[in-house]
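Quick notes on the structure that follows.
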Amino acid sequence: MRVLVTGGAGFIGSRIVGSLHEAGHEPAVLDVLLPSAHPTVSEPPAGEFLRVDVRDASGVRAALHGVDAVCHQAAMVGLGKDFTDAPAYVGCNDLGTAVLLAGMAEVGVRRLVLAGSMVVYGEGRYDCARHGVVRPGPRRPEDLAAGRFETCCPHCGAALSSGLVGEDTPADPRNVYAATKLAQEHLAASWARSTGGTAVSLRYHNVYGPGMPRDTPYAGVASLFRSALARGEAPRVFEDGGQRRDFIHVTDVAAANVCALEADTPPVGVLTPYNTGSGDPHTVGEMAAALARAHGGPGPVTTGEFRLGDVRHITADSSRLRRDLGWRPEVGFAAGMEEFARAGQRASAAVGG
């Protein structure tokens, strides 16, 4: 299978390209290599490479000829600095996706795997002893400032227990990045209905691993902690460190993409979402402590700081991906953090895989 991987020079995209090669496929990389994402790149990646912006309609159409499927990883990631980043996020993520899908419709490429995200859910699943499953609203700034980080029942104010989110949970994006990732899914679903194509969205959890970008406003929390340790500094853990997440190794994410591309009978004319997580949630504080131990650096410092738009707990049920596509994560939390603590990082990242 010939697969066009957008953002294929990035952190996740490059791993997918390698996994496709190993599986006997023919990946082609489309990436504009923006300096903000690839400041130290002097040569293009090995193999077939097209230096094209995903928003360049003519360049994208040319890249799609002879392609059997598209693995769409190109995106601006993370929470960014503040709302002034919104136009850049929408341009890269949503306009770029629209241009790509229009090109696929025109050229006749009918298979898409999209880099989705668990951020589309907003907060995770919560249960109240009195009211059952509830959906709390955004946490109030005054509560966060006072150190009240846990969500409460919107009906009675009682403490809630968190659980796993399934793919059928209604979306509730809580920041600009989340909104653009949901818009990407809606665009892909519209494309599938219009063309009779097949579309899969792999809703990634917190992806980490060797080659992850260094400390930038767009980096994930694992990268921020690893960057601090590389500087000889203690990782700074926001809130009280009790935020629950699912940290999944980049090689397992790459394998999930290959499984989705190779699936025999994906539904036609719809978008199928799959939560893509390790199934072994940990708190942010636990992750910081594991990295610090493995690196041999200073232990984490819990600061009580917070960011508006962050959610408290988000862990999802990834059993549908295991059941439908036969995918299984292979890198455990302890082994993955041990490797990541000593691995190299990319210089910077804002756009791209």
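For the single chain, residues carry numbers from 1 onward in sequence order.
The shortest non-hydrogen separation linking Val221 to Asn206 is CG1-ND2, 4.4 Å. Gly242 and Thr283 make their closest contact through O-CG2, 3.8 Å (heavy atoms, listed as atom of the first residue, atom of the second, distance). The two atoms that bring Arg226 and Ala341 nearest to each other are NE-O, 3.1 Å, heavy atoms only. The minimum heavy-atom distance between Thr198 and Trp191, with the atom names listed, is O-CZ3, 3.6 Å. Residues Asp31 and Phe49 share a closest heavy-atom pair of O-CZ, 3.4 Å. Nearest heavy atom pair, residue Ala222 against residue Tyr208, reads CB-CB, 4.0 Å.
Looking only at side-chain heavy atoms (C-beta outward), Phe247 and Val207 stay at 4.5 Å or farther from each other. The side-chain heavy atoms of Val109 and Val70, taken from C-beta on, include a pair separated by under 4.5 Å. Between Asp168 and Arg320 the shortest side-chain heavy-atom distance falls below 4.5 Å.
Between the side chains of Gln184 and Thr97, at least one donor N or O lies within less than 3.5 Å of an accepting N or O. A side-chain donor-acceptor contact under 3.5 Å links Thr180 and Asn93. No side-chain donor-acceptor contact under 3.5 Å links Asp172 and Tyr121. Between the side chains of Asp280 and Ser278, not a single donor N or O lies within less than 3.5 Å of an accepting N or O. In this model, no donor atom of one side chain and acceptor atom of the other lie less than 3.5 Å apart for His249 and Glu330. For the 3.5 Å distance criterion, the side chains of Tyr204 and Asn257 qualify, holding a donor opposite an acceptor.
A salt bridge is absent between Asp94 and Lys181; no separation between the charged side-chain nitrogens and carboxylate oxygens falls under 4.0 Å. The residues Arg293 and Glu338 are annotated as not salt-bridged, no charged nitrogen and carboxylate oxygen being separated by less than 4.0 angstrom. Using a 4.0 Å cut-off between charged side-chain N and carboxylate O, Arg312 and Glu150 make a salt bridge. Classification of Arg236 and Glu305 as a salt-bridged pair holds, one side-chain N sitting under 4.0 Å from a carboxylate O. Electrostatic pairing of Arg139 and Glu239 counts as a salt bridge here, judged by a charged N lying under 4.0 Å from a carboxylate O. Taking 4.0 Å as the cut-off between side-chain N and carboxylate O, Glu262 and Arg111 do not count as a salt-bridged pair.
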For this session: Determine, step by step, whether Arg203 and Glu167 satisfy the salt bridge (Lys or Arg N to Asp or Glu O under 4.0 Å) criterion, reporting the C-alpha distance in whole Å, the side-chain angles of both residues, the deciding distance to 0.1 Å, and the verdict.
Result: CA-CA 9 Å; Arg203 291 175 174 171; Glu167 287 91 347; over 6 Å; no
Exercise. Can you check side-chain contact (heavy atoms from CB on, under 4.5 Å) on Arg245 and Ile314, steps first, answer last?
Worked result: CA-CA 6 Å; Arg245 300 289 189 268; Ile314 175 65; 3.8 Å; yes
For this session: Please lay out, stage by stage, how Met287 and Met337 fare under the test side-chain contact (heavy atoms from CB on, under 4.5 Å).
Result: CA-CA 8 Å; Met287 186 270 287; Met337 290 297 162; 3.3 Å; yes
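Exactly one of Val54, Leu114, Leu30 qualifies for a side-chain contact (heavy atoms from CB on, under 4.5 Å) with Leu100. That residue is Val54. Under the side-chain hydrogen bond (donor to acceptor under 3.5 Å, both in side chains) rule, Glu185 has a single partner from Ser201, Ser190, Ser117, which is Ser201.
In this structure, His205 contributes its side chain and Thr276 its backbone to no donor-acceptor pair below 3.5 Å. For Glu142 (side chain) and Arg140 (main-chain N/O), no donor-acceptor pair under 3.5 Å exists by modelled atom type.
Hydrophobic cluster of Tyr126: the remaining members, joined at side-chain heavy-atom separations below 4.5 Å, are Val134, Leu160, listed by chain and number.
Both Tyr89 and Phe83 sit in one connected hydrophobic cluster of ILVMFWY residues. Membership requires side-chain heavy atoms under 4.5 Å apart, directly or through other members.
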